[in-house]
Amino acid sequence: MVTKYIKITPPVFTGLDEAADALKNGRLVAFPTETVYGLGANALDENAVREIFTAKGRPSDNPLIVHIADISTLKLLVMKIKPEAEKLMHAFWPGPLTLVFEKSPNVPKVTTGGLDTVAVRMPDHPVALELIKKAGVPVAAPSANRSGKPSPTLAEHVLEDMDGRIPYIIDAGPCRVGVESTVLDLTEDTPVILRPGGVTIDMIEDVIGRVKQYKTEANIEMIKSPKSPGMKYVHYAPKGEVIVVSGKNKVSEWINEKLSEDEKNSIKAVVVAADENIENYSAGIKMSYGSIKSPQEAAASIFRIFRDCDRLGAEKIYIEAIPEYGIGYAVMNRIKKAAGGKVVNLE
Ligand code: TXA
Ligand code: MG
């Protein structure tokens with residue numbers, strides 16, 4: 001299959017019609033959202049959705065998020081819309097919050113990995129919204145990476161993983177947020193955050209009161225009896241060993257002591273740290289995730305950094321922990337998963 005690569009620069013959408021028609025007619029289209037690139041199919045077309053699982057190499061019991069461009073489409077997908085859902089949609093849509101509802105019979109079980117619930121979100125990206133509107137169907141879309149790779153935050157990442165496997169890739173540049181959406185299950189009495197993301201627990205609780213959130217450590221251990229099927233799969237881990245180091249001071253001293261002479265002068269070890277601290281490290285290769293004061297910068301760069309480490313063939317990757325406030329919590333969740341939960345705490 002030849003993959004057609006379409007570059008779109010909003011507010012001009014030339015070239016999008018062809019991709020929207022293809023999407024409507026059962027073909028796959030990778031497209032940008034504000035979080036990461038998604039691999040879309042008509043959510044109501046079982047055969048199209050099956051192709052997503054094939055193209056990604058994704059286990060068929062891992063459900064997909066259905067993307068919509070207007071709230072009226074939601075009624076088609078879910079049994080009922082609770083007042084909490086109304087409030088959250090009003091506060092955060094379009095945006096990086098996915099809500100889990102009881103599904104309506106219109107949604108095929110292939111889309112929901114066999115579950116009776118369906119995850120829905122309205123992405124905050126002009127190209128995603130325009131594509132969904134033009135296609136005129138709800139769009140099931142997981143992140144557009146091959147299973148086991150980091151989510152793509154650039155169209156080049158999608159091409160790296162999917163060239164020749166899907167008919168269309170739409171490129172609209174880098175994703176603004178950079179980590180995937182928050183997934184909130186509203187089917188329980190107390191809503192549960194199944195995956196932390198751009199919309200934080202504080203932001204949600206300000207709108208609907210108390211919700212539950214599993215700590216990342218707990219959620220790595222919960223893998224045997226997961227609430228969200230996605231939790232049970234091994235998450236992306238770079239080929240090298242990831243060591244996350246946290247602590248107020250001495251992080252750079254600790255890491256520099258660990259680095260062998262060989263690692264200091266080669267590309268075997270990579271240190272990933274904040275702009276403000278990066279000069280303190282003596283590794284052969286250093287990558288910055290942005291300012292320590294801006295967890296958004298770390299969110300926007302972390303998956304690209306993971307891919308770059310693999311490309312270099314890094315054997316050890318030392319990551320300076322980032323403060324876990326705001327979206328920093330979600331970034332650390334992804335970093336801890338990449339490290340298999342291993343965090344060195346120097347305090
Ligand atoms: O930001 C995002 O959410 C991106 C963009 C493309 O929208 N999408 C994304 O999809 O990250 P994916 O498939 O890579 O991750 C979806 C997560 C998985 O962990 C899945 O198990 C969970 O959401 N999920 C989907 N439907 C669910 C459901 N009905 N119940 C519980 N968890 C669900
Ligand atoms: Mg994914």
Side-chain angles (χ1 to χ4, degrees), residues 28-41 43 49 52-53 55-69 77-79 92-104 107-125 127-129 131-132 138-153 155 157-158 161 170 175-188 191-199 214 219 222-223 226-236 299 303 306 327 330 333-334 337:
L28 303 188
V29 177
F31 63 97
T33 80
E34 81 282 30
T35 57
V36 301
Y37 276 77
L39 179 59
V49 172
I52 290 182
F53 289 92
K56 275 184 66 93
R58 180 177 175 112
S60 62
D61 65 348
N62 195 359
L64 308 178
I65 296 173
V66 179
H67 296 68
I68 60 176
L77 306 173
V78 308
M79 295 301 280
F92 302 116
W93 282 9
L97 177 65
T98 296
L99 301 175
V100 177
F101 301 86
E102 269 159 53
K103 80 170 196 71
S104 88
V107 183
K109 286 240 174 161
V110 190
T111 303
T112 65
L115 298 176
D116 293 321
T117 55
V118 61
V120 186
R121 87 176 188 100
M122 187 188 291
D124 185 19
H125 194 292
V127 173
L129 292 171
L131 177 74
I132 300 165
V139 176
S143 48
N145 51 288
R146 291 286 288 270
S147 235
K149 298 282 294 288
S151 292
T153 51
H157 299 159
V158 182
D161 285 11
I170 298 171
C175 299
R176 174 171 58 82
V177 178
V179 295
E180 308 90 338
S181 63
T182 305
V183 179
L184 181 70
D185 183 357
L186 291 174
T187 65
E188 306 279 330
V192 189
I193 295 177
L194 299 176
R195 178 176 73 183
V199 175
Y214 299 108
N219 151 346
M222 246 172 52
I223 281 168
K227 169 75 199 186
S228 180
M231 289 176 179
K232 84 172 174 237
Y233 295 106
V234 180
H235 270 77
Y236 164 76
F303 287 142
F306 285 164
I327 199 172
N333 167 271
R334 307 308 190 270
K337 285 187 173 181

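Everything numeric here is computed off the predicted structure, so don't read it as measured data. Atoms within a ligand are numbered from 1 in the order they appear, just like the ligands themselves.
- In summary, the atoms of ligand 1 found under 4.0 Å from a heavy atom of Thr35, numbered by their order in the structure, are 1 (O), 2 (C), 4 (C), 5 (C).
- Near Thr117, meaning under 4.0 Å from one of its heavy atoms, ligand 1 places the atoms 28 (C), 29 (N), 30 (N).
- Of the options Glu102, Met122, Arg195, the smallest heavy-atom separation from atom 11 (O) of ligand 1 is shown by Arg195.
- Atoms of ligand 1 found under 4.0 Å from any heavy atom of Ser143 (numbered from 1 in listed order, with element): 8 (N), 9 (C), 10 (O), 12 (P), 14 (O).
- Inspection of the Ser151 and Glu180 side chains reveals an N or O donor paired with an N or O acceptor under 3.5 Å.
- To the nearest 0.5 angstrom, Arg176 atom CZ is 13.5 Å from Thr153 atom OG1.
- With a 4.5 Å cut-off on side-chain heavy atoms, Val179 and Ile327 count as touching.
- With ligand atoms numbered from 1 in the order given, ligand 1 contributes 25 (C), 26 (N), 27 (C), 29 (N) to contacts under 4.0 Å with heavy atoms of Ala119.
- Between the CD1 atom in Ile68 and the CH2 atom in Trp93 there is a gap of 4.5 Å [rounded to 0.5 Å].
- Residue His67 touches ligand 1 through its side chain alone, judged by heavy-atom distances below 4.0 Å.
- Any N or O atom pair closer than 3.5 Å counts here, and Lys56 shares no such pair with ligand 1.
- The closest side-chain heavy-atom distance from Leu184 to Val192 is not below 4.5 Å.
- The N/O atoms of Thr33, backbone and side chain alike, include none that comes under 3.5 Å of an N/O atom in ligand 1.
- Residue Lys337 holds its NZ atom at 4.5 Å from CG of Asn333, rounded to the nearest 0.5 Å.
- Contact analysis puts Asn62 in contact with ligand 1, with a non-hydrogen atom separation below 4.0 angstrom.
- For the atom pair Asp124 CG and Thr33 OG1, the distance stands at 9.0 Å (nearest 0.5 Å).
- The ring of Phe31 has its center no closer than 6.0 angstrom to the ring center of Tyr37.
- Within ligand 1, the atoms closer than 4.0 Å to a non-hydrogen atom of Leu194 are 31 (C), 32 (N), numbered from 1 in the order shown.
- Between the side chains of Thr182 and Arg121, not a single donor N or O lies within less than 3.5 Å of an accepting N or O.
- Contacts of Ser181 classified as side chain to side chain donor-acceptor pair (under 3.5 Å), with partners at least two apart in sequence or in another chain: Thr98, Arg195.
- With respect to Asp161 and Lys149, a salt bridge is recorded, a charged nitrogen being found less than 4.0 Å from a carboxylate O.
- Excluding waters, the set of protein N/O/S atoms under 2.8 Å from the Mg ion (ligand 2) reads Ser143 OG.
- Listed by atom number, the atoms of ligand 1 under 4.0 Å from Leu115 heavy atoms are 28 (C), 29 (N), 30 (N).
- Arg58 counts as a contact of ligand 1, since one of its heavy atoms falls under 4.0 Å from the ligand.
- Distance NZ/Lys56 to CG/Leu64: 8.5 Å, rounded to 0.5 Å.
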